[in-house]
A.B. asks: 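Mind having a look at this structure? Questions to follow.
Remember, it's 1-based here, ligands and their atoms both numbered in the order they're listed. What you see below is based on every heavy atom in this structure, not just the backbone, and it leaves out hydrogens, waters and symmetry mates. Sequential numbering from 1 along the given sequence is applied to the chain's residues.
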Amino acid sequence: MANTKEHIVMLPFMAQGHIIPYLALALQIEQRKNYTITFVNTPLNINNLRSTLPANSSIRLLEIPFSSSNHGLPLDTENTNILPYHLFILLIEASTSLKPSFKKLIENFIEQGNPPLCIIADIFFGWTASIAKELNVFHAIFTVSSAYRLACYYSLWMNLPHRKENSDEFSLPDFAEASNVHITQLPTNILEADGTDAWSVLQSKNLPEWVNSDGILVNTVEEFDQVGLLYFKRKLGSPAWPIGPILLSRENRENGMCLEPCIEWLNTKPLKSVLYVSFGSQNTISASQMMQLAMGLEASDKNFIWVIRPPIGFELNTEFKAKEWLPKGFEERIKESRRGLLVYNWAPQVEFCPIRLCAFLTQCAWNSVLEALNHSVLLIGWPLAAEQSFNAKLLEEEMGVCVEVARGKTNEVRHEDIAAKIELVMNETQQKGKEMRRKAFEAREMIRNAIKDEEGFEGSSVKAMDEFFSAALSMREKTMREQNVAV
Ligand SMILES: O=c1ccn([C@@H]2O[C@H](COP(=O)(O)OP(=O)(O)O[C@H]3O[C@H](CO)[C@@H](O)[C@H](O)[C@H]3O)[C@@H](O)[C@H]2O)c(=O)[nH]1
């Protein structure tokens, strides 16, 4: 066994929000030196990854066949980034066609004497757990988000409680630790689910398969996500390993406005005085919300950077029509006063975080959340889609580092409320802001301690990763013993 590296096979769902964090995890595992990694996906995704993988990486990229047009999808559709939301479900359904070739791949590895120590696969690929079980390979699901969020998601899909309650607010039947959920916090697919629709049917096959997995790897930190982690230990009877934060590597970031002008602007501002406003890599808000947000920012009197995109209904590459979408003279006023900086479409976010940011008005997408907490930046939540409301719930109710300012892409928002929330969080003399600052500092310490790996001290995330590999090795030794006995 000496000198032989253990083999890990990874299979993310075909979406950038999944592939990129999986690659970040692969790169992190690679640093442990004693593993070789096979990163599996469909041909076009693998092709795109070739240019982003660091030149010195030993990660092997491997294609498995996929034909989108066989599944009612446009030709060469292998990633959600070129699909409208209502077709995501088709791609997830179509991805079950990967099953036979993925199974064959693992069988071939076994036959060639290179059996995987473990398979790490996506939350949408419950079927990989059954394959792993059949072939005696250790299996883990890797979720790119928090355990708390995943617990809400799992509980909602398994129980559809909003269909059984008459009220807009209800509790989660098997996750009583979480406070009530409001109907407006549900993503569209769960809100519309009735047990017979395509999403319900898909999840009713996918989620029960999770019990066949040997555990869940979670991009989180044990110290602030206990409630969700315990839920999965209880529900699935297997470990949930908090191994985060798995922060995204810079190689995978798009290029946007260059860093220098932003840093130059930031450097003219006092420490921890700037509000950063961004809705992540995929989302934007409605034109009327954009108008109110601009007015709220102006009224708040705080320094701000706003990563601004055309509102809903316009392509990202549409020319930004400030005269139409922003209050009259807004751009000129903030430029003149140097109080605000508008960055169109994409900003070097990670580089901003450590410097002068006090707060981040965010849709609460998990990577952004971890990046902000890593530098004790306070959060002003405006969840827009997907699981973001559950992240906001964890951040506000459990961790105390966030205040929700608005919800959804179409709901009415008022500039007075936005300005008031900004004031509440950013004004150092306000009790609420003070308390949030203390909690955000604690969260930062939790993150930093979790990833510490020093003589005499191993952080919780480092330990969890060790435990995950130990569990995989123990299972393999057990299987080998059993096979020897059988022989
Ligand atoms: O202008 C920008 C915008 C984003 N980023 C980076 O891009 C990543 C974006 O990731 P994230 O914050 O998670 O946002 P999204 O990709 O928009 O979020 C999707 O993926 C998340 C993780 O699964 C989910 O929590 C969200 O619901 C889903 O919309 C982060 O590393 C950001 O630093 C930039 O560098 N510049």
A.B. asks: Between Thr184 and Arg407, do the side chains contain an N or O donor and an N or O acceptor separated by less than 3.5 Å?
C.D. replies: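 The answer is yes; a qualifying pair exists.
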A.B. asks: Would you check whether Tyr276 has a nitrogen or oxygen atom less than 3.5 angstrom from a nitrogen or oxygen atom of ligand 1?
C.D. replies: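 So ligand 1 has no N or O lying under 3.5 Å from an N or O of Tyr276.
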A.B. asks: Should one rank Ser281, Ala15, Ala24, Gly280 by closest heavy-atom distance to atom 15 (P) of ligand 1, which comes out on top?
C.D. replies: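 It is Ser281 whose heavy atom sits nearest to atom 15 (P) of ligand 1.
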A.B. asks: Do any N/O atoms on Trp366 end up under 3.5 angstrom from N/O atoms on ligand 1?
C.D. replies: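 Checking ligand 1 against Trp366, an N or O pair does fall under 3.5 Å apart.
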A.B. asks: Contact between ligand 1 and Arg149 is defined here as a heavy atom of the residue under 4.0 Å from a ligand atom; is it met?
C.D. replies: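 For ligand 1, residue contact (heavy atoms, under 4.0 Å) with Arg149 is absent.
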A.B. asks: Does a side chain donor of either Ser155 or Asp174 reach within less than 3.5 Å of an acceptor in the other side chain?
C.D. replies: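 Side-chain D/A pair, Ser155 to Asp174: present.
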A.B. asks: Could you see which bit of Gln16 sits under 4.0 Å from ligand 1, with heavy atoms only: side chain, backbone, both or neither?
C.D. replies: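 For Gln16, there is no contact with ligand 1 at all, from either part.
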A.B. asks: Of the choices Ala347, Pro187, Ser368, which has the non-hydrogen atom that lies closest to atom 12 (O) of ligand 1?
C.D. replies: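 Of the listed residues, Ser368 has the closest heavy atom.
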A.B. asks: Of the side chain and backbone of Glu371, name the one, both, or neither that has a heavy atom under 4.0 Å from an atom of ligand 1.
C.D. replies: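 Answer for Glu371: side chain.
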A.B. asks: For the residue pair Asn56 and Glu30, establish whether any side-chain heavy-atom pair is separated by less than 4.5 Å.
C.D. replies: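 SC-SC contact between Asn56 and Glu30 ruled out.
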A.B. asks: Is the shortest N/O to N/O distance between Cys364 and ligand 1 below 3.5 Å?
C.D. replies: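 Cys364 vs ligand 1: no N/O contact under 3.5 Å.
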A.B. asks: Given the side-chain rings of Phe175 and Tyr148, with only the six-membered ring counted for Trp, is the space between their centroids under 6.0 Å?
C.D. replies: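 Phe175 vs Tyr148: aromatic centres under 6.0 Å.
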A.B. asks: May I ask you to check whether Gln203 and Tyr153 show a side-chain donor-acceptor distance below 3.5 Å?
C.D. replies: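 Gln203 vs Tyr153: donor-acceptor pair found between side chains.
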A.B. asks: So which bit of Val144 gets within less than 4.0 Å of ligand 1, heavy atoms only: side chain, backbone, both or neither?
C.D. replies: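 The answer is the side chain.
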A.B. asks: Between Trp199 and Tyr85, how do the two ring planes meet: parallel, tilted or perpendicular, split at 30° and 60°?
C.D. replies: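 Aromatic pair Trp199/Tyr85 classed parallel.
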A.B. asks: Are Tyr35 and Phe469 an aromatic pair, judged by ring center distance below 6.0 Å?
C.D. replies: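 Yes, ring centres under 6.0 Å apart.
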A.B. asks: Are Met446 and Met399 close enough that some pair of their side-chain heavy atoms sits under 4.5 Å apart?
C.D. replies: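 Met446 does not reach Met399 side chain to side chain.
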A.B. asks: For ligand 1 and Ser278, I'd like to know whether there is a polar contact (N/O to N/O, distance under 3.5 Å).
C.D. replies: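 Checking ligand 1 against Ser278, no N or O pair falls under 3.5 Å apart.
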A.B. asks: When you look for heavy atoms under 4.0 Å from ligand 1, do you find them on the side chain of Gln388, its backbone, both, or neither?
C.D. replies: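 Looking at Gln388 and ligand 1, just side chain atoms fall under 4.0 Å.
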